Amino acid sequence: SRMYPQELAQTTQSRVKGLIEIRDCVRTLIEYQTEDFPEEDIKYQQSKLNRLYDDFTKKYGLINSRGNNSAFSNDSSYYLLCSLEILDENGNLARKADMFTKRTIRPKEKITEVDSAIDALLVSISEKARVDIPFMKELCKMDEEQMLKDLEGEIFKIPNEDKYVTADEYLSGNVREKLRIAEQYASNDEKYNINVKYLKEVQPVDLSASEISVRLGSTWIPEDDIKAFIDYLLQPSWNALRNIRVHYMQSTSEWNIEGKNYDKYNVKSYNTYGTNRASAYKIIEDTLNLKDTRIFDYKEDENGKKVAELNKKETAIAQAKQEQIKNAFTEWIWKDPERRERLVKSYNEQFNSIRPREYDGSHISFDGMNPEISLRKHQINAIARILYGGNTLLAHEVGAGKTFEMVAAAMESKRLGLCNKSLFVVPNHIVEQFGQEFLQLYPSANILVTTKKDFETANRKKFCSRIATGDYDAVIISHSQF
């Protein structure tokens, strides 16, 4: 990229020069805190920052003022400077930021040795976001066999993979399937007995038939059971019994009853559980597909085209029969002991096998975070979920700290090598606020905050190039720009 000289008015030049001085001082102060310089060096730099800021604001007003924004907003560090001012609801200065008087960056503490295997595990998760056996051996100075013995129940080897994971990851998800696999491997290798032992302890309690709600149309009920219900309810003729089949299409999630017309003279089909306009087979098929049965009459309009018209009377009769069939199915499904046992087992296998993972972020170090800000337990655990869970919805109520959760998760993800550059898409009216809160939590972060000008036609390509070529920790844009 090239640098081009800017033609600025004299006052604007003075504003820019003053802001550059403050910016350079802030960056030096950030470096001193990050690298853990002596306290007297940090105090000197803070004193210098106070002097530069006071001199500047006497002449040109707050950094957040319109004039300074106009002069310096194209510089990616402008929002870093804006975060030096804490404003009230009217936009006036409430106080200076903590950076003027306190350490606002937690220096990175490199751990080279620990006393136990469990401490080595915590450091590995914190520094690598995974169980790194060679790294842990180096930290705790133990041989692998002893270390793994000490970590029994804390980490587990995944069968057929040269990989260990933490207990909260392994003992969650589909634990029934994991138990089946572990038992299969344990039959040939006793080291997997520990997996079996702990997986058995976290198996979900089986639900009983009385706790399972089942309706006609539930896709987990086998086709043969639906056919058995039809045979029980309608008692079709011998000929119809041979030709009626029930099919469920996985690709379209549709049920179909083949051979509905083979049982034309069955009173139960056209009277007891059906009508002369809709047989019980048609009503059952509608019910299986979660549709209300409707009866239409067809008439010709003035153009000779057939038009469907709902027959309310016949529809009401058919839907009353539909309710009878639903009730009959509910009473029938659990009657037979063999069927009840088989379906209860099938239901528990398919829908009662998941154990939610519980995330604990107490080991996260949050290098570079403002030490004056303390995250709450639910925020720390939410950050752990973002880092290790794969996908996360932060469904907290307003004021619960979602912004800091997202910011800290992004910075930790970059530190751990899980991502390179985070993109935040936020509502249009809080873009600047989000940028300022980002820098309150991580004063040393290098972020790029968009403005309306950045996505004007003439500037769009230039701005996208800045995103691509800049070593930013995060880029913040609005919904409309995204």
Side-chain angles (χ1 to χ4, degrees), residues 19 22-23 25-34 42 45-46 49-50 52-53 57 62-65 68-69 72-73 75-108 361 364-380 382-383 386 394 396 398-415 422-427 429-451 472-478:
L19 289 167
I22 296 173
R23 179 196 67 190
C25 183
V26 168
R27 285 179 172 170
T28 301
L29 182 54
I30 287 171
E31 181 187 355
Y32 282 9
Q33 293 190 47
T34 304
I42 293 174
Q45 203 65 24
Q46 286 174 332
L49 178 60
N50 271 289
L52 290 172
Y53 175 81
T57 53
L62 297 178
I63 294 173
N64 281 277
S65 69
N68 292 322
N69 180 297
F72 206 64
S73 61
D75 192 289
S76 60
S77 63
Y78 176 65
Y79 290 97
L80 170 62
L81 301 188
C82 287
S83 69
L84 295 174
E85 298 173 333
I86 309 298
L87 306 178
D88 61 21
E89 62 271 13
N90 299 316
N92 299 318
L93 182 68
R95 62 180 178 84
K96 293 179 181 178
D98 291 335
M99 179 174 277
F100 286 92
T101 55
K102 301 175 182 176
R103 279 182 176 262
T104 55
I105 299 172
R106 185 178 299 160
K108 179 177 174 61
I364 302 175
S365 58
F366 298 112
D367 296 338
M369 182 185 286
N370 187 341
E372 295 297 318
I373 297 175
S374 297
L375 298 178
R376 287 166 282 180
K377 183 179 179 181
H378 78 271
Q379 290 177 295
I380 294 171
I383 293 163
I386 295 171
L394 299 173
H396 309 322
V398 175
K402 295 185 291 294
T403 300
F404 280 179
E405 288 171 5
M406 291 185 284
V407 169
M411 294 298 287
E412 280 297 298
S413 293
K414 181 165 185 178
R415 182 181 71 84
S422 295
L423 176 68
F424 290 88
V425 184
V426 302
H429 65 285
I430 64 166
V431 172
E432 293 186 12
Q433 176 190 332
F434 195 96
Q436 290 175 9
E437 290 183 7
F438 197 116
L439 292 167
Q440 284 177 19
L441 189 63
Y442 282 88
S444 62
N446 182 22
I447 65 172
L448 180 62
V449 184
T450 62
T451 64
Y472 298 107
D473 295 317
V475 179
I476 302 166
I477 67 173
S478 67

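None of the values given here were measured: they were computed from a predicted structure.
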(request) Tell me, please, which residues at least two apart from K96 pass side-chain hydrogen bond (donor to acceptor under 3.5 Å, both in side chains). (result) N50, D54
(message) Between L49 and T28, is there a side-chain heavy-atom distance shorter than 4.5 Å?
(response) no
(message) Given 3.5 Å as the limit, does a donor-acceptor pair link the side chain of N69 with the main chain of S73, or not?
(response) no
(message) Main chain of A400, side chain of H378: is a donor-acceptor contact present, judged purely on distance under 3.5 Å?
(response) yes
(request) Go through the structure and list residues passing side-chain contact (heavy atoms from CB on, under 4.5 Å) with S478, not counting sequence neighbours. (result) N428, V431, S480, Q481
(message) Quick check for you: to the nearest 0.5 Å, what is the distance between I63 atom CD1 and F72 atom CZ?
(response) 9.5 Å
(message) How close do S83 and A97 get, counting heavy atoms only, and between which atoms?
(response) O-CB, 3.4 Å
(message) Under the rule for side-chain hydrogen bond (donor to acceptor under 3.5 Å, both in side chains), what residues qualify as partners of E412, not counting sequence neighbours?
(response) R415
(request) Verify side chain to side chain contact (heavy atoms under 4.5 Å, CB included) between L375 and F366, making sure each step is shown before the conclusion. (result) CA-CA 10 Å; L375 298 178; F366 298 112; 4.1 Å; yes
(message) Using the rule side chain to side chain contact (heavy atoms under 4.5 Å, CB included), only one of L423, V425, V426, L448 pairs with I476; which is it?
(response) V426
(message) Check whether E405 reaches the backbone of A382 with its side chain - one donor and one acceptor, N or O, closer than 3.5 Å.
(response) no
(request) Look up atom CZ in R23 and atom CG in L84, then write down how far apart they are to the nearest 0.5 Å. (result) 13.0 Å
(request) Measure the OH-CD distance between Y32 and Q46 for me, rounded to the nearest 0.5 Å. (result) 12.0 Å
(request) Report yes or no: does Q33 contribute a side-chain atom to a donor-acceptor pair with the main-chain N or O of I42 at less than 3.5 Å? (result) no
(request) Please identify each residue that fulfils side-chain contact (heavy atoms from CB on, under 4.5 Å) with S413, with sequence neighbours left out. (result) L387, L418, C419
(message) If I compare all heavy atoms of K402 with all of H396, which pair ends up nearest, and what's the gap?
(response) NZ-O, 3.4 Å
(request) List for me each residue that meets side-chain contact (heavy atoms from CB on, under 4.5 Å) alongside L52, sequence neighbours excluded, and say none if there are none. (result) E21, I22, C25, K48
(message) Which heavy atom of L62 sits nearest to which heavy atom of N68, and what is that distance?
(response) O-ND2, 2.6 Å
(message) Working to the nearest 0.5 angstrom, can you tell me the gap between F404 CZ and I383 CD1?
(response) 10.5 Å
(request) Measure from the side-chain N and O atoms of N90 to the backbone N and O of N92, and report whether any donor-acceptor pair falls under 3.5 Å. (result) no
Quick one: side chains of residues 433-445, donor-acceptor pairs under 3.5 Å with protein atoms, not counting sequence neighbours, listed by atom name and distance.
| from | atom 1 | to | atom 2 | distance (Å) |
| --- | --- | --- | --- | --- |
| Q433 | NE2 | E437 | OE2 | 3.0 |
| Q436 | NE2 | N64 | OD1 | 3.3 |

(request) Enter the distance from N370:CG to M99:CE here, rounded to the nearest 0.5 Å. (result) 8.0 Å
(message) To the nearest 0.5 Å, what is the distance between CZ on R27 and OG1 on T34?
(response) 13.0 Å
(request) Could you walk me through whether T57 and L93 pass side chain to side chain contact (heavy atoms under 4.5 Å, CB included), step by step? (result) CA-CA 11 Å; T57 53; L93 182 68; over 6 Å; no
